[in-house]
Amino acid sequence: MSPRRTDAGGRIDRLRTIRFTFDGAPYTGHAGDTLASALLANGVTLFGRSFKYHRPRGVLTSGVEEPNALVTVLRGEVREPNIAATMVEIYDGLTAVSQNRFPSLAWDVSAANQLGGKLLSAGFYYKTFMGPAIGPLKSTRFWMFCEHFIRRAAGLGRAGTAADTTRYERMNAFCDVLVVGSGPAGLMAARAAADQGARVILSELEPHFGGSANWSGETIDGMPGADWAARAAGQLEGYDNVRLLPRTTVWGYYDGNTLAALERVTDHKERPGKGEPRHRYWTIRAKSVVLATGSFERPLVFPGNDRPGVMLAHAAERYANEYGVLPGNKIALFTNNDSAYRSALALKKAGAAIVAIVDVRPELSSEMREFADEAEAKILFGHAVVATEGGKALSGIKVQRFDMVNGALAGEARSIQADCLLMSGGWSPTIHLASQAGGKAEWNAARQAFLPPKPTQQWIGAGAFTGSFSTAEAIAGGRAAGLSAAGGTGTPAALPVVEAVPGDPDPAPVFEIRADGKSFVDFQHDVTAEDVRLAHREGFISVEHLKRYTTLGMATDQGKSSNIAGLAIMAEALGKPIPEVGTTRFRPPFSAVSIGSLAAERFGDLRPERLTPMHDWHVANGATMYSAGLWYRPMIYGLSGETIEQAYVREARATRESAGIVDVSTLGKIAVQGPDAAEFLDRVYTNMFSTLAVGKARYGLMLREDGLAFDDGTTWRLGEQDFLMTTTTANAGKVMQHLEYFLDVIWPELKVHVTSVTDQWAGAAIGGPKARAILAACVTGTAVDNATLPFMGIVHGKISGVPVMICRLSFSGEMAFEVYSGAGYGTHVWEALIEAGKPFGLVTYGLEALGTMRIEKGHVTGAEIDGRTTARDLHLDWMLSKKKPFIGSAMMDREGLIAPGRLELVGLISLDNQPLNGGGHIVEALDEANPHDSIGHITACCYSPALGKYIALALVKDGKARRGSRAHISDPLRNRFGPVEIVSNHFFDPDGSRMHG
């Protein structure tokens, strides 16, 4: 047997052994175990390290509220961090690792943070890293020094980088009644609503329906509660109008009775079944909702309450009754209410020794004394635990007399040996969904807890959610809620009879024992009682400010275990009752939701992957692809061992020396046709197109109505009334909308049709000194000499039997030609061009080389036409016609657009021969300690093989006047500072002789 596995009992399948690993060590458990229960059964007490102090932490709870035992689950290369071990169902091959520790869980060097004392108290990051102003450590420099280390230490689990290949689904569901929670109240509500003919959905976040009935040890209708729950769930499964959703967490309650839920379909399986998703995201729209979400037991706040081996009493009872696991052999309990006595009795029956029950109350009922006697436990009433002993596991506790009225301790503390301490600080209804639905929670003094708000939507509460903590009340309330939700009245019927341990659910109003040592309120974020009092002293007394200043109730905990104690301590500091201090508004999600489930099948739909006709050829021939807008395009065609820079430099150099070919199918292509097409283009472009001859192309610039540059490209005149407009890849859709708007709204009288034909044409641009010779070797049906095909000329011919249209134009600055064919023939023509180019040294090149050559030539793209620049800023004012009006002409001469000091396009040359970075700022005087007075920024940069230098295009204040001067790059985010020379944006072949030759 395992060290702490009981000989019998529990609902696990002892005949099925499951093998798994934790931190690389092999363990075994049984079918039905969670990772937490299986590790406890194997004697493991250390589960993790705390967020700030890296204190050793064990498992605290048995459910979704677990703040300590967070693990990372590995499936191949995919990591999923921050999963509560209490919610991980074990399966063969499960691999889990602990988090927030280095080099190991047992020996964590960051545990030295515990020596930080008050330096790491609440808000330390606001106070510690903003100075001092000494020498070079002034202003924000100290923060920037510390930031690297803070970011490495921040967070709990480490996110992975491997792609998640699992599948996710989304579902929409409609029902008359949604029942959230399947404890006795939820089961009764679902049955009552279903019997009224309502369409019912019953959701349960655990694998099994039944809630507390599965571990309470109570008898319902003459059978163990777990058997009664299984029977009730089985009966519901037979209803045609009931849908059962186990392993499904309802995490959000939105307007219109719309709720969000996450179903964990295959997380518990070694291998998903065929077609099964990992998670299924449910959007449920319900006429009415029954909230039967139960309650959470609260911890008590006292020194050492976070030591491994300290656990909630109900969690220990559940581990014993449901999983057949003892959390310890010598168990002590610390409580302010009666429910701990039931736990003590259950653990005694399971085989544990109960060494003491420490109760803050001075008087106990006779029933509780009898339970203690039956558990053979010594009662220390009017006492409190003031410390725990041990290192990475509990070895004992210290207790002292305690006055519940004034919170004073008296007498000498004495030690009690124990390897497990169970605490019970009362119960808090799980009102998170009701709070999300709207309304203010209501304080109940007897329960010392916030109860649900008055409904603002169509929901009804039942069971412990409403503060009715007995199973008999839950059954009665659940049936009534189900009937009401379904709109029925029902006839009086006998309810299941419950045999339960009696007890008073109302706790004593004791939340904290003030003694020497750290007393934790929020276990997940290491928030202590003293941190809450510090927040009070520093003025952060609003519950929302308290939360953010101390981080109380943040992260995955969301106040499930820490909220009430934190509010109580603040209330005491303020001298006010808890309801006057208030509570934070719970917000979705109730528990963690996988990002994959939120996207589900919609992944890629909002950003579809557009592939050019030659895509498969690129991939097969070693191209590194990346997304350019919605398109996937080759970045480089790298050789073995080449860096990206080496590859694009090689490609660009080879193109300028011989010839290169690039896929330009992604350019926007719009057919503009009709009797008024030429007139329309004159209005759209800043320059004239009505004078363009048939068989010729012209470069054009468009402005927005406000006079700022919008897009550029070439338009080809294929016939008197037939034009083919090309646009930048990124702006194809925007330009199409622009044209349609003006035709439909502003100039409806114009007889013009515009049609997007981007996907109808495959395009290849072939450029370089030998480009014409390559075309001549493979084009038939037309000559391609200078007389037949001059600059900006168009011819029609065939390549390998496929009709093509060729225009001589250049983006690279070399003699170049764009070859268009039908998209279906794109690869065929592409391969024919490459075959014809082999004797001439033709290379394929990608976007990096294309960008390099355009920077060398000084051509602009969307990086410069960024919505803030004018034609004059980009030195394109020669394209502004004075013979006609055009879109933007009325606004382009506004005072602000022609004022001195505007950012103008320039070139930059790195003078320290180091790379430049896009977005880096240009300054006149360099001040690394306090970067300021930017005069512009880099828009595009590269290493230029033509110049042998690192160069860039930039927008600089009065840029044209600064040519020939020097400045500096100031890029503090990337720690790049250095001198540059400001030059013309035309680095290479400024007179265009290579392009026109």
Side-chain angles (χ1 to χ4, degrees), residues 1-5 12 16-51 53-60 62 66-113 152-166 264 266-272 278 307-309 311 319 323 325 327 390-394 524 556 592 594:
M1 296 297 294
S2 298
R4 289 186 174 173
R5 184 77 74 179
I12 55 172
R16 286 183 57 200
T17 298
I18 306 294
R19 291 170 174 79
F20 66 97
T21 65
F22 179 64
D23 277 349
Y27 294 97
T28 61
H30 295 295
D33 265 324
T34 64
L35 179 61
S37 68
L39 289 175
L40 284 173
N42 282 276
V44 175
T45 57
L46 182 59
F47 280 72
R49 292 281 176 166
S50 67
F51 171 70
Y53 298 115
H54 287 250
R55 289 168 68 98
R57 290 282 168 80
V59 66
L60 180 72
S62 59
E66 175 58 38
N68 288 341
L70 303 183
V71 300
T72 296
V73 174
L74 307 179
R75 286 182 181 263
E77 296 297 318
V78 178
R79 304 172 58 89
E80 185 168 17
N82 301 330
I83 305 178
T86 52
M87 297 299 291
V88 177
E89 298 175 65
I90 64 170
Y91 54 84
D92 276 316
L94 169 68
T95 302
V97 294
S98 57
Q99 307 181 155
N100 199 41
R101 81 290 186 278
F102 178 82
S104 69
L105 182 57
W107 301 103
D108 181 7
V109 295
S110 295
N113 289 356
R152 285 181 62 88
L156 293 168
R158 178 169 59 88
T161 57
D164 184 357
T165 58
T166 52
R264 304 181 303 280
T266 61
D267 278 352
H268 61 292
K269 297 181 179 181
E270 182 180 2
R271 294 183 184 85
R278 180 187 169 218
R307 196 178 304 280
M311 184 184 298
Y319 285 121
Y323 302 108
V325 174
K392 300 181 181 78
L394 186 73
Q524 194 160 95
T556 64
S594 59

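Count residues from 1 along the sequence. Since the model is a prediction, treat every value here as computed from it, not as a measurement.
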May I ask you to decide if R158's main-chain N or O and Q99's side chain share a donor-acceptor pair within less than 3.5 Å? no
Can you check side chain to side chain contact (heavy atoms under 4.5 Å, CB included) on F102 and S110, steps first, answer last? CA-CA 7 Å; F102 178 82; S110 295; 5.8 Å; no
Give a yes or no on whether the backbone of P67 and the side-chain of Q524 come within a donor-acceptor separation of less than 3.5 Å. yes
Counting only N and O atoms by type, is there a donor-acceptor contact under 3.5 Å from the side chain of R4 to the main-chain atoms of P327? yes
Any donor-acceptor pair under 3.5 Å linking the side chain of H54 with the backbone of A112? no
Between atom OG of S594 and atom CG of D164, what is the distance when rounded to the nearest 0.5 Å? 8.5 Å
Smallest separation among heavy atoms of N82 and T72, with atom names: N-OG1, 4.3 Å
Write out all pairs satisfying salt bridge (charged side-chain N to carboxylate O under 4.0 Å, His left out) with one or both partners inside residues 21-34, taking only residues at least two apart or from two chains. R5-D33, D23-R101
Taking K269's backbone N and O only, do any of them form a donor-acceptor pair with T266's side chain (distance below 3.5 Å, no angle check)? no
For a 4.5 angstrom cut-off between non-hydrogen side-chain atoms, does L40 reach M311? yes
Above 12 or not: heavy atoms from other molecules or residues under 6.0 Å from CD of E77? no
CG (L70) and CG (N100) are apart, to the nearest 0.5 Å, by 9.5 Å
Closest approach of S62 to Y319 (non-hydrogen atoms, all atoms of both residues): CA-OH, 3.4 Å
Step-by-step side chain to side chain contact (heavy atoms under 4.5 Å, CB included) determination, W107 to K392: CA-CA 10 Å; W107 301 103; K392 300 181 181 78; 4.1 Å; yes
Looking only at heavy atoms, what is the nearest atom pair of S98 and L105, with distance? OG-CB, 3.6 Å
If I compare all heavy atoms of G29 with all of I90, which pair ends up nearest, and what's the gap? CA-CD1, 3.8 Å
Interatomic spacing from OH in Y27 to CG in L35 - rounded to 0.5 Å: 10.0 Å
Apply side chain to side chain contact (heavy atoms under 4.5 Å, CB included) to residues M87 and D267 and explain how you reach the verdict. CA-CA 10 Å; M87 297 299 291; D267 278 352; over 6 Å; no
Residues T86 and T34: closest non-hydrogen pair is O-CG2, 3.4 Å
Value for CZ (F20) from OG1 (T28), rounded to nearest 0.5 Å, stands at 7.0 Å
For A106 and R49 the tightest heavy-atom approach is O-NH2, 3.1 Å
Starting from the C-alpha separation in whole Å, work towards a yes-or-no answer on side chain to side chain contact (heavy atoms under 4.5 Å, CB included) for I18 and D92. CA-CA 5 Å; I18 306 294; D92 276 316; 4.0 Å; yes
Looking at S50, is its backbone amide N or carbonyl O close enough to the side chain of N68 to form a donor-acceptor pair, meaning the two atoms are under 3.5 Å apart? no
